[in-house]
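Encoded as C-alpha cells, the structure appears first; notes follow it.
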Amino acid sequence: MRMLLIHSDYLEYEVKDKALKNPEPISEEQKKGRLDEVLAVFMSVEKADETNPDEIVEKAVVEIKDVASQVKADRIFVYPFAHLSSELAKPDVALKVLQKIEERLREEGFEVKRAPFGYYKAFRLSCKGHPLAELSRTIVPSG
Ligand SMILES: Nc1ncnc2c1ncn2[C@@H]1O[C@H](COS(=O)(=O)NC(=O)[C@@H](N)CO)[C@@H](O)[C@H]1O
C-alpha cells in the first residue's frame, strides 16, 4: 500500500462520474464531503496487499496514528487514490481494506470520513505547509 498524508486546513470533495462499472453504492449526502483541520490520507491499495489485507489494515492504522499524533490531528480523511502505484489491488479487495481502515481509526477515537470508492471526484485541499505537512509511507505484507 502507498499512502500520501497531507495535514490540511480542509479537504472537500464532490463526486462526478463513475470511474468503475460498479462503484460503491453511495447516499445523496455522500456525494459531497468536507472536513476541516484534517489529516488527509490518499491511499493506493496494491496487488501485494491481497496476500494479507488484515495485516495491511493494521500496519496502515499504526502509521496513520503515528503521523496524526506528530501533527496533532484528530480528524482523518481516508481517500481512495489509484495514482500512487502502478500495481493496484483489485477494487473489491481495495474497498474492503479502506473500509476496515476507516472502522479501525474510528475505534481508535478519530473523527473519520472516507471519500467514495470508484468515482471520479473533484476535490480541494489546503495543505498547511509546515515541515511534517506532507509525508508518504509504503506498507508491505511481512509474509
Ligand atoms: N487499488 C485501489 N486503491 C485505491 N483506490 C482504488 C483502487 N482500485 C480502484 N480504486 C478506486 O476506483 C477508482 C477507479 O480506479 S482506477 O484504477 O483509477 N480506474 C479503473 O479501475 C477503471 N477506470 C479502469 O481503468 C479510483 O479513483 C478509486 O476511487
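All values below come from the heavy atoms of this structure, side chains included, with hydrogens, waters and symmetry mates left out. Atoms within each ligand, like the ligands themselves, are counted from 1 in listed order. Sequence positions, counted from 1, serve as the residue numbers for this chain.
- The closest side-chain heavy-atom distance from E108 to I76 is not below 4.5 Å.
- Annotation: P116 places no N or O atom under 3.5 Å from an N or O atom of ligand 1; distance criterion only.
- Remark: aromatic rings of F123 and F42 are close, center separation under 6.0 Å.
- When the options Y79, F117, Y120 are ranked by their closest heavy atom to atom 11 (C) of ligand 1, first place goes to F117.
- Contacts between L20 and ligand 1 below 4.0 angstrom, taking non-hydrogen atoms only, involve the side chain exclusively.
- Those atoms of ligand 1 that come under 4.0 Å of a heavy atom in M43, given as number and element, are 4 (C).
- Between R106 and E102 a salt bridge is recorded (basic side-chain N to carboxylate O distance below 4.0 Å).
- Each of the atoms 4 (C), 5 (N) of ligand 1 lies under 4.0 Å from some heavy atom of F81.
- Counting heavy atoms under 4.0 Å from ligand 1, residue E46 does not touch it at all.
- The contact set between ligand 1 and P80, taken as ligand atoms under 4.0 Å from a residue heavy atom, comprises 5 (N), 29 (O).
- Nearest non-hydrogen protein atom to atom 17 (O) of ligand 1 is L88 CD1, 3.5 Å.
- Nearest heavy atoms, Q30 versus P25: OE1-O, 4.3 Å.
- Side-chain contact between L132 and V67: absent, with no pair of heavy atoms (C-beta onward) separated by less than 4.5 Å.
- Backbone and side-chain nitrogen or oxygen atoms of G118 are examined, and one is located within less than 3.5 angstrom of a nitrogen or oxygen of ligand 1.
- Of all protein heavy atoms, the one lying nearest to atom 3 (N) of ligand 1 is V45 N, 3.1 Å.
- Not a single heavy atom of K90 sits under 4.0 Å from any atom of ligand 1.
- Looking at E58 and E55, their side chains never come closer than 4.5 Å, going by heavy atoms from C-beta outward.
- Shown here is K47, whose NZ atom has more than 12 heavy atoms of other residues, nucleotides or ligands within 6.0 Å.
- For atom 18 (O) of ligand 1, the closest heavy atom belonging to the protein is A82 CB, 3.4 Å.
- Under 4.0 angstrom from ligand 1, the non-hydrogen atoms of A19 come from both its backbone and its side chain.
- For atom 24 (C) of ligand 1, no protein non-hydrogen atom is found at a distance below 4.0 Å.
- Aromatic ring pairs are classed by plane angle as parallel below 30°, tilted from 30° to 60° and perpendicular above 60°; the pair F81 and H83 is perpendicular.
- Scanning the protein for heavy atoms near atom 27 (O) of ligand 1, the closest one is Y119 O, 4.0 Å.
- Protein heavy atoms are found inside the 4.0 Å sphere centred on atom 5 (N) of ligand 1.
- Heavy-atom contacts of A94 reach the following atoms of ligand 1: 1 (N), 2 (C), 3 (N), 7 (C) (cutoff under 4.0 Å).
- Under a 4.0 Å criterion applied to the non-hydrogen atoms of A89, ligand 1 contributes the atoms 1 (N).
- The shortest side-chain heavy-atom distance between I64 and F110 does not fall under the 4.5 Å cut-off.
- Ion pairing between K100 and E103 fails under the 4.0 Å rule for side-chain N and carboxylate O.
- Remark: E107 CD is packed, more than 12 non-hydrogen atoms of other residues, nucleotides or ligands lying under 6.0 Å away.
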